[in-house]
Participant: 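Submitted below is the structure of interest, expressed as structure tokens.
Note on naming: letters A, B, ... go to the chains in the order of the sequence lines (proteins, then strands), and numbering restarts at 1 for each one. Please read all numbers here as calculations on a predicted model, not as lab measurements.
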There are 2 protein chains.
Amino acid sequence: MNGLMMDRPLLISSLLTHAESQHGDQEIVSRRVEGDLHRMTYRDLGRRARRLANALAAHGIAQGERVATLAWNGHRHMELYYAVSGTGAVLHTINPRLHADQVAWIADHAEDRILFFDLTFLPLVEAIAPHVATIRTFVAMTDRAHMPVSTTVPNLLCYEDLLEAHSPAFDWPEFDERSASSLCYTSGTTGKPKGVLYSHRSTLLHAYAAALPDALGYASSDTVLPVVPMFHVNAWGIPYIACMVGAKLVFPGPRLDGKSLHELFEAEGVTVSAGVPTVWQGLLAHVEANGLKFSTMRRTIVGGSACPPAMVQSFQERHGVQVVHAWGMTETSPLGTVCRLKPQHQALDAPQRLAIQSRQGRAVFGVEMKIVGAQGERLPHDGRAAGELMVRGPWIAAGYFRGEGTGALVDGWFPTGDVSTIDADGFMQITDRSKDVIKSGGEWIGSIDLENIAMAHPAVAMAACIAARHAKWDERPLLVVAKKSGHAVTRDELLGFYEGKIAKWWTPDDVVFVDSIPLGATGKVQKNLLRDAWGDHLLAKA
Amino acid sequence: MNGLMMDRPLLISSLLTHAESQHGDQEIVSRRVEGDLHRMTYRDLGRRARRLANALAAHGIAQGERVATLAWNGHRHMELYYAVSGTGAVLHTINPRLHADQVAWIADHAEDRILFFDLTFLPLVEAIAPHVATIRTFVAMTDRAHMPVSTTVPNLLCYEDLLEAHSPAFDWPEFDERSASSLCYTSGTTGKPKGVLYSHRSTLLHAYAAALPDALGYASSDTVLPVVPMFHVNAWGIPYIACMVGAKLVFPGPRLDGKSLHELFEAEGVTVSAGVPTVWQGLLAHVEANGLKFSTMRRTIVGGSACPPAMVQSFQERHGVQVVHAWGMTETSPLGTVCRLKPQHQALDAPQRLAIQSRQGRAVFGVEMKIVGAQGERLPHDGRAAGELMVRGPWIAAGYFRGEGTGALVDGWFPTGDVSTIDADGFMQITDRSKDVIKSGGEWIGSIDLENIAMAHPAVAMAACIAARHAKWDERPLLVVAKKSGHAVTRDELLGFYEGKIAKWWTPDDVVFVDSIPLGATGKVQKNLLRDAWGDHLLAKA
């Protein structure tokens, strides 16, 4: 027997109409590629998104067809988020940090019909245009005055001209909430990139869960600056959550250096933010080098990779900015866990609280988690047993676009490829990527712990720990280190730094000093490259 | 084209498993009918709910069948919430304040199979037992020691015996999220009561929206005491929201007087609460008469009917407890709007802020609102135009159980029977019930404004304003007043009290003093009785 409630679909367009009717005057501020600081309201967003929806229809974009973007965080990208998904088409955000060949491969695989891009990416678009078969139209996200005078891009249109040519009257269509809304490819450090296809239902449920007080906890009184790019898993859902709660939005555009971010935080009264650790490292360095402070910032979410505890401590103790770990993947929309302390943790001393904050956190409501051993057996949630993390829920991928990697689910659960523990309070802590884990004499050694210790050394700028082949133990940890400029440290000093901090047999066998650690397009350490370069280092020594 | 996300149903059982895995040690404290203060954890709740699920199965309760309760707010009622809906049966919470004839009528109409009741309601159950055809089994929600020694109730079982007899091992089944989960009858001041049948989907979406920071804003750090009864629209969703966010729960049982509530607030460190204005009036009177204070209370949600501004002011300015208006109905699950101030309101002075707080608030995300005129035409959201409030959304009723009142929707919108304004920021303010509105010479006069003014007079305990028939103007406002004991005020003093506060022609034509104002089973003024008694009062005078 069914309930007798209205059968209303969960649609992305309802976020926009909600924001217009309740937060029409709320601001959206954008640092643009053109250099200016642009201001508009949610009411303007609604009008411009509807003009754009008419423009998409005029260019023959049908429901389900893919509309690609190569763009920074800005109001025009936000307009595309709502216009494209609102009409029933699929927003395909491409990571512009990928190589041109990869961008062209992804656009072809997605069968994109039209590409919107920020002027920054004109050279990239010129490089791919001859190689993408399905894109019929290119749109530069700028006004007539800033249009390129000459370009090899065919059928190039001007975004502002397009909007002006179409009416702001448009009725958002109603359709099945399971319809595809947006598409994002995994970075694919190994193998081909795979497309994760979100639905209207998954996007709205994710936004509800992410906005809860124990998760991101955004309110209409907040000013949110998403550092996390809108081309990376929908900027962790912030463009949707902001409309849901009516927060003021500040888009940083292409300027993500410490100085530019800090100026924007202060000028616009930013209260909450979100991004990967490397960005916060840059911001912290700028603030500390110049004796600056944060007047309005209260909290930032850090995800993408684990945040070194030393950085958490600096933000919290010296600057009053709470640092909250979150964990997720492209396949998890992305929010899986958020590390909000529980009431009983308030009584702990600072180092104990910091230890809990170094975990990835508790599952947001809607995501189920379990850890399994090598035979797929469920492991206890006791904070000690480590196994592969499996997740399940309405915003977790069941497969990939056009069938790539189909069959990836195990008994209906998504295997994350992360190795983790879960404690009795539900706190999950990632100890490694399953492919990065070091198997020494049949025992697992977690590389992340070893890296965090090295990163706490004052002379270390960045550290990565990899599994190096070993004649006796099969694999042993090898530490790869980039030193801070002007700082010196020896191999023996670094290895001595581990003493008393971990089990003796976890100590890396050797240290290799490099000029820089290779990072992928989403800021993650490319351990596969390090393994290629140094995987035989310990054999060579033996 | 559909997205490629997992097709996981939204089920009430997932709230319980979430609370167990993440907030297993969190407390649920209950003032019981037996007189003791009972303590357990969410982990205990899970175990007891699964025992109960096995017991229900053993008694042949099939999916979709109705399980009735006549019970206060307490842990056993909470266990029923999860066990009944979790197994796929339908929890039918009956309002024990109704007359025995109505209770029997409702139980028959719902075709309840089994009835669980608190000992308080033994006389009521004895009265209805011979008259309800479908109930096969009666269960007293107590332990063996407190079972009634003799009773006319047939097949009477003991709740704690039932639990003990069954295993705590039970796998919650998976089924369609649109399945019915619970049933609540409208109070039906006019006509027969009508059953609103909630679904798992509507319940979970409602809980997500209600928990948002700008709505109830409950977090794992909160201690929640729901004064609003669990037999009244699922206690506004708090039993679900508490599991979603992991808040400590404090159930007051039958003792809702100011003294008992204040003691419990203080002893258990309650931070947030929710209930109807009459309860808060009693609490405030007790606190002020005894020079007490609130040590931990930060905020309460007030709904059911409008809260007099004078009371809001006392709570906020003298006791530091924020009073937040909410609006909803049995048909809206119930949350429709919450009156959280926006950032720009922080700059207003206290009386201006109070004026905004007297509104019913902004629609929570998921609920759409419009106001329509007599011909069904949409009226502007300008804060001035008043029309019938229409709502739409996934937790709004589309019809009633067993077809009663089917066809009530108008173009897919639910007509609330409330007359309201909506302003450009989305703030909705109810000016009247459409059936209570006073039509004087073709113009509408809102009775609620007139009542609020009267309630602000120091000698007035309660006031109600009704439409009285009038020879010249068709209807004119008549004020019905119950004085505070030991206070005196005359008709002319009261009418003079309106001067300068409203348009002169809105001033009531006369005042009738009564000993008490009749309240219905959910604490609302029964204006139909007042109209029966005094509707011809002005004709008689003329």
Participant: Output yes when a side-chain donor or acceptor of B/D214 lies under 3.5 Å from a complementary backbone atom of A/S220, and no otherwise.
Facilitator: yes
Participant: At a heavy-atom separation under 4.5 Å, does B/L15 approach chain A through its side chain, its backbone, both, or neither?
Facilitator: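 Both backbone and side chain.
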Participant: Considering only heavy atoms, which portion of B/Q346 lies under 4.5 Å from any heavy atom of chain A: side chain, backbone, both, or neither?
Facilitator: neither
Participant: Specify the closest pair of heavy atoms between A/M5 and B/Y198, including all atoms of both residues, with the distance to one decimal.
Facilitator: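 Heavy atoms only, the tightest pair is CE-CD2, 3.7 Å.
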Participant: Quick check for you: among B/P9, B/A424, B/A363, which has the greatest number of heavy-atom pairs under 4.5 Å with chain A?
Facilitator: B/A363
Participant: What closest approach, in Å, do A/V364 and B/H18 show between heavy atoms, and which atom pair accounts for it?
Facilitator: C-CE1, 4.0 Å
Participant: What part of B/R340 gets closer than 4.5 Å to chain A, counting heavy atoms only: side chain, backbone, both or neither?
Facilitator: neither
Participant: Taking every non-hydrogen pair under 4.5 Å, which of A/V245, A/L10, A/D176, A/D222 racks up the most with chain B?
Facilitator: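 Maximum pair count with chain B is reached by A/L10.
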Participant: Pick from B/G217, B/G3, B/A215, B/G412: which one has the most heavy-atom pairs with chain A under 4.5 Å?
Facilitator: B/G3
Participant: Among residues at least two apart in sequence or on other chains, which ones pass ring-ring contact (aromatic ring centres under 6.0 Å, His included) with A/F427?
Facilitator: A/H345
Participant: For chain B, find which of A/Q63, A/R8, A/R178 contributes the most heavy-atom pairs closer than 4.5 angstrom.
Facilitator: A/R8
Participant: With a 4.5 angstrom heavy-atom cut-off, is it the side chain or the backbone of B/S333 that approaches chain A, or both, or neither?
Facilitator: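 Answer is side chain: those atoms of B/S333 sit under 4.5 Å from chain A.
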Participant: So which part of A/Y218 gets closer than 4.5 Å to some heavy atom of chain B, the side chain, the backbone, both or neither?
Facilitator: backbone
Participant: For the candidates A/G64, A/A397, A/S182, A/G426, which exhibits the highest count of non-hydrogen atom pairs separated by less than 4.5 Å from chain B?
Facilitator: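 Top option by heavy-atom pairs under 4.5 Å: A/A397.
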Participant: Report, as yes or no, whether the 6.0 Å neighbourhood of atom CG on A/D382 holds more than 12 heavy atoms from other residues, nucleotides or ligands.
Facilitator: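 Yes.
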Participant: Using side chain to side chain contact (heavy atoms under 4.5 Å, CB included), reason through B/M1 and A/V90 one step at a time and then give a plain yes or no.
Facilitator: CA-CA 9 Å; B/M1 182 175 67; A/V90 176; 3.7 Å; yes
Participant: Taking the side chain as everything from C-beta on, heavy atoms only, tell me whether A/L197 gets closer than 4.5 Å to B/N2.
Facilitator: no
Participant: Return the OG to CD distance between A/S14 and B/E368, rounded to the nearest 0.5 Å.
Facilitator: 7.0 Å
Participant: Considering only heavy atoms, which portion of A/L183 lies under 4.5 Å from any heavy atom of chain B: side chain, backbone, both, or neither?
Facilitator: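 Neither part; nothing is under 4.5 Å.
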Participant: Please answer whether the main-chain N or O of B/Q22 pairs with a side-chain N or O of A/K342 as donor and acceptor at a distance below 3.5 Å.
Facilitator: yes
Participant: Does any non-hydrogen side-chain atom of A/K248 lie less than 4.5 Å from one of B/P343?
Facilitator: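 No. Closest side-chain heavy atoms not under 4.5 Å.
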Participant: Under a 4.5 Å cut-off applied to non-hydrogen side-chain atoms, are A/W395 and B/M6 in contact?
Facilitator: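 The answer is no; the side chains never approach within 4.5 Å.
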Participant: For chain B, which candidate among A/G24, A/G366, A/A209 shows the most heavy-atom pairs at distances under 4.5 Å?
Facilitator: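 Highest number of pairs under 4.5 Å: A/A209.
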Participant: So which of A/S179, A/P213, A/A19, A/S199 has the largest heavy-atom pair count under 4.5 angstrom toward chain B?
Facilitator: A/P213
Participant: Only pairs of heavy atoms separated by less than 4.5 Å count here; which of A/A211, A/S202, A/G393, A/S221 has the most with chain B?
Facilitator: A/G393
Participant: Backbone N or O of B/F365 within a donor-acceptor pair of the A/Y208 side chain at under 3.5 Å?
Facilitator: yes
Participant: If I take atom CG from residue B/L4 and atom CD1 from residue A/I396, how far apart are they, to the nearest 0.5 angstrom?
Facilitator: 14.0 Å
Participant: Less than 4.5 Å apart, side chain to side chain, heavy atoms only: is that true for A/D25 and B/D425?
Facilitator: yes
